[in-house]
Engineer: 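Got a structure for you, questions after.
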2 protein chains.
Amino acid sequence: MSSTVAKALTLLDHFSENEPELGLSDLARRSGLDKATVHRMLSVMADAGLVEQRHDTKLYRLGAGILRLARIREKAFPFASVLQPELDRLAQETGETAHASLISGRALATVGICESSKANRVSLVVGEVLPFHATASGIATLAFGTEELSARVLTGPLDGKTSFTLTDPGRLSALIETARQTGFGETDQTNEIDVYGIAAPYFDKTGLACGALAVATPSHRMTEALRGKIVGAVLRAAQVITSGTGGKQPTGYAETVRRTLALLPDGSA
Amino acid sequence: MSSTVAKALTLLDHFSENEPELGLSDLARRSGLDKATVHRMLSVMADAGLVEQRHDTKLYRLGAGILRLARIREKAFPFASVLQPELDRLAQETGETAHASLISGRALATVGICESSKANRVSLVVGEVLPFHATASGIATLAFGTEELSARVLTGPLDGKTSFTLTDPGRLSALIETARQTGFGETDQTNEIDVYGIAAPYFDKTGLACGALAVATPSHRMTEALRGKIVGAVLRAAQVITSGTGGKQPTGYAETVRRTLALLPDGSA
DNA sequence: CCCTCTGGTTCATTATTGTCAACAGTAGTT
DNA sequence: AACTACTGTTGACAATAATGAACCAGAGGG
């Protein structure tokens with residue numbers, strides 16, 4: 001559980017849009033590791049190009065190697081490029097903030113965002129790592145992902161992000177089952193106060209969920225009509241992304257979506 | 001000297017556009033490490049999201065975490081976005097393949113490419129890691145980078161990529177000095193047979209080279225006139241990128257460029 | 001001048017890691 | 001079917017590399 005590379009790589013998790021540059025002591029404190037350890041790790045990661053150190057401020061930031069790797073990944077498996085347009089459309093259509101994520105090891109990586117144009121909107125930090133158990137995206141992904149993944153999440157630690165977070169494996173499992181039957185995930189303030197999330201999974205070519213498309217709205221703004229509109233829009237957008245990236249829906253999913261859409265008030269079509 | 005994380009991270013170097021997916025044994029063979037070792041490393045890297053394993057073929061590929069990190073880096077320090085247009089313009093203007101790279105630890109990372117429209121052109125593999133000592137970009141970068149970096153390269157191993165590669169520290173050092181006086185780097189077939197490279201450095205806000213912009217042409221096509229055109233175009237494009245990314249030229253560099261441009265046949269302006 | 005930050009370094013202790021072997025599964029031959 | 005050759009995967013032990021407390025040097029601040 002405590003492999004050295006694992007510890008080194010968790011250092012990368014502390015970088016975000018808000019804090020793109022971090023100092024040595026700072027990183028040591030956050031990661032709970034010793035300064036010397038962190039220093040050595042950063043040095044070799046700098047050698048590999050994953051991070052780089054500014055010679056003036058001595059602060060560390062993500063390195064150019066990342067860009068190179070991203071290019072390879074994107075060239076071989078285009079995702080961001082087909083994702084972004086759909087994301088923009090979704091945000092425009094629902095009037096709320098839309099974001100997309102992909103399974104990234106033990107968590108979800110946010111790989112795309114389009115914020116609502118409304119003044120009062122949900123604002124997301126680019127590059128944040130989202131926990132499976134506390135987000136609509138996570139629930140949606142788990143519901144249609146491998147049995148092994150959900151097992152690992154359910155048996156792992158379930159941090160209480162807010163007072164609404166489901167920290168009980170049983171209740172969490174039930175929520176996932178609900179998502180499996182409706183075809184989408186739904187959470188209210190389980191990851192952040194006053195944020196309501198609705199998310200639909202998209203699938204890889206083996207029919208397994210590899211991530212989710214989500215719309216986040218301020219909880220107090222949520223109404224039955226808005227909910228219907230969002231669910232419909234998200235489900236359809238996710239289907240577009242699935243096919244756009246060469247994915248395939250699992251058998252029965254199309255039928256599940258059809259049934260869900262039929263139950264919505266109206267606002268869809 | 002051979003830290004575990006370093007070894008783990010070198011595994012990433014073997015992925016490229018041509019081979020975006022690699023198997024365990026394959027990676028073990030290339031890296032010279034034991035299968036079991038590689039397996040453990042890949043497992044933890046998969047946990048962190050740097051790589052992911054396809055459940056069907058068992059092959060490994062770069063993971064979604066990379067995309068997340070790239071987003072952060074790009075949001076905080078836009079580079080690819082300001083780079084690409086200039087790269088396209090450069091390729092169009094010279095009629096040859098243009099590419100850009102950034103210092104990435106012990107090597108250069110290719111972060112942008114725009115291929116020539118000519119049928120006979122230099123074609124580059126996206127995401128390849130370029131050695132400093134055998135490329136025009138490397139020479140240009142070393143000439144205007146930190147003393148420490150060039151020292152590290154000069155004392156390190158100098159692999160002979162072709163029969164033209166300078167593997168002697170003394171001659172290499174002389175080549176770098178030439179670049180320092182002309183303001184650009186130039187190599188002929190030192191990294192790949194029949195490829196002529198001309199590269200100009202761009203600078204960060206401290207006035208140190210952080211990478212280079214290069215034009216690669218088939219060696220046999222190179223003439224004095226074409227050379228002049230390319231040198232002028234590359235130098236000017238690099239200056240645009242430097243200022244476009246908030247960089248600053250070191251004192252005297254503008255003068256160096258002016259002198260170089262004055263010596264060119266014509267084809268510039 | 002002292003105090004407290006910062007990044008960086010050293011070195012004996014100890015735990016992680018590399019190694020090697022065996023195992024299971026698949027594909028292609030014979 | 002049995003044999004081969006190749007995958008990816010797991011376990012146990014010896015050896016190496018990671019660890020973390022203490023320590024340096026420098027930059028502000030009071």
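Given the structure is predicted, the values throughout are model-derived calculations rather than measurements. Each chain gets a letter, A, B and so on, in the order its sequence line appears, and its residues count up from 1.
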Engineer: Would you verify whether the NZ or CZ of A/R61 falls within 45 degrees of the ring axis of B/F77 while also being under 6.0 Å from that six-membered ring's centre?
Structural biologist: yes

Engineer: Can we say A/R71 and A/E74 salt-bridge, meaning some charged N sits less than 4.0 Å from an Asp/Glu carboxylate O?
Structural biologist: no

Engineer: Under 4.0 Å: is that the gap between some side-chain N or O of A/Y60 and OP1 or OP2 of C/dT6?
Structural biologist: no

Engineer: Are any of the side-chain nitrogens in B/K35 or B/D26 under 4.0 Å away from the carboxylate oxygens of its partner?
Structural biologist: no

Engineer: Rounded to whole angstrom units, what separation is found between the CG atom of B/L42 and the C1' atom of D/dG8?
Structural biologist: 11 Å

Engineer: Once each nucleotide of nucleotides 24-30 of chain D is scored for protein heavy atoms under 4.0 Å, what B/S/- sequence comes out, 5' to 3'?
Structural biologist: -------

Engineer: Any side-chain N or O of B/Q53 less than 4.0 Å from the OP1 or OP2 oxygen of D/dT9?
Structural biologist: yes

Engineer: Phosphate oxygens OP1/OP2 of D/dG8: is one of them under 4.0 Å from a side-chain N or O of B/R54?
Structural biologist: no

Engineer: When you check the side-chain N and O atoms of B/H133 and B/D159, is any donor under 3.5 Å from an acceptor?
Structural biologist: no

Engineer: B/F203 and B/Y253: aromatic ring centres closer than 6.0 Å?
Structural biologist: yes

Engineer: From CG of B/L27 over to P of D/dC6, roughly how many Å is that when rounded to an integer?
Structural biologist: 17 Å

Engineer: Could you tell me the separation between the CG atom of A/D56 and the P atom of C/dG7, rounded to a whole number of Å?
Structural biologist: 14 Å

Engineer: Rounded to whole angstroms, how far apart are CG on B/D26 and P on D/dT7?
Structural biologist: 8 Å

Engineer: Nucleotide by nucleotide, 5' to 3', does protein get under 4.0 Å of the base (B), only the sugar-phosphate (S), or neither (-) in nucleotides 14-21 of chain D, counting heavy atoms?
Structural biologist: ---SSBBB

Engineer: Run the salt-bridge test on B/E21 and B/R54 with the 4.0 Å N-O cut-off and return the result as yes or no.
Structural biologist: yes

Engineer: Round to a whole Å and report the spacing from CG of A/L24 to C1' of C/dT9.
Structural biologist: 11 Å

Engineer: Return the value, rounded to whole Å, for the distance between atom CZ of A/R29 and atom C1' of C/dT4.
Structural biologist: 12 Å

Engineer: Report yes if at least one side-chain N or O of A/H39 is closer than 4.0 Å to OP1 or OP2 of C/dG7; otherwise report no.
Structural biologist: no

Engineer: Below 6.0 angstrom between ring centroids: does that apply to B/F79 and B/Y202?
Structural biologist: yes

Engineer: Are the side chains of A/N191 and A/T162 in contact, using a 4.5 Å heavy-atom criterion?
Structural biologist: no

Engineer: Could you tell me whether B/R30 and B/E19 make a salt bridge, using a distance below 4.0 angstrom between a side-chain N and a carboxylate O?
Structural biologist: yes

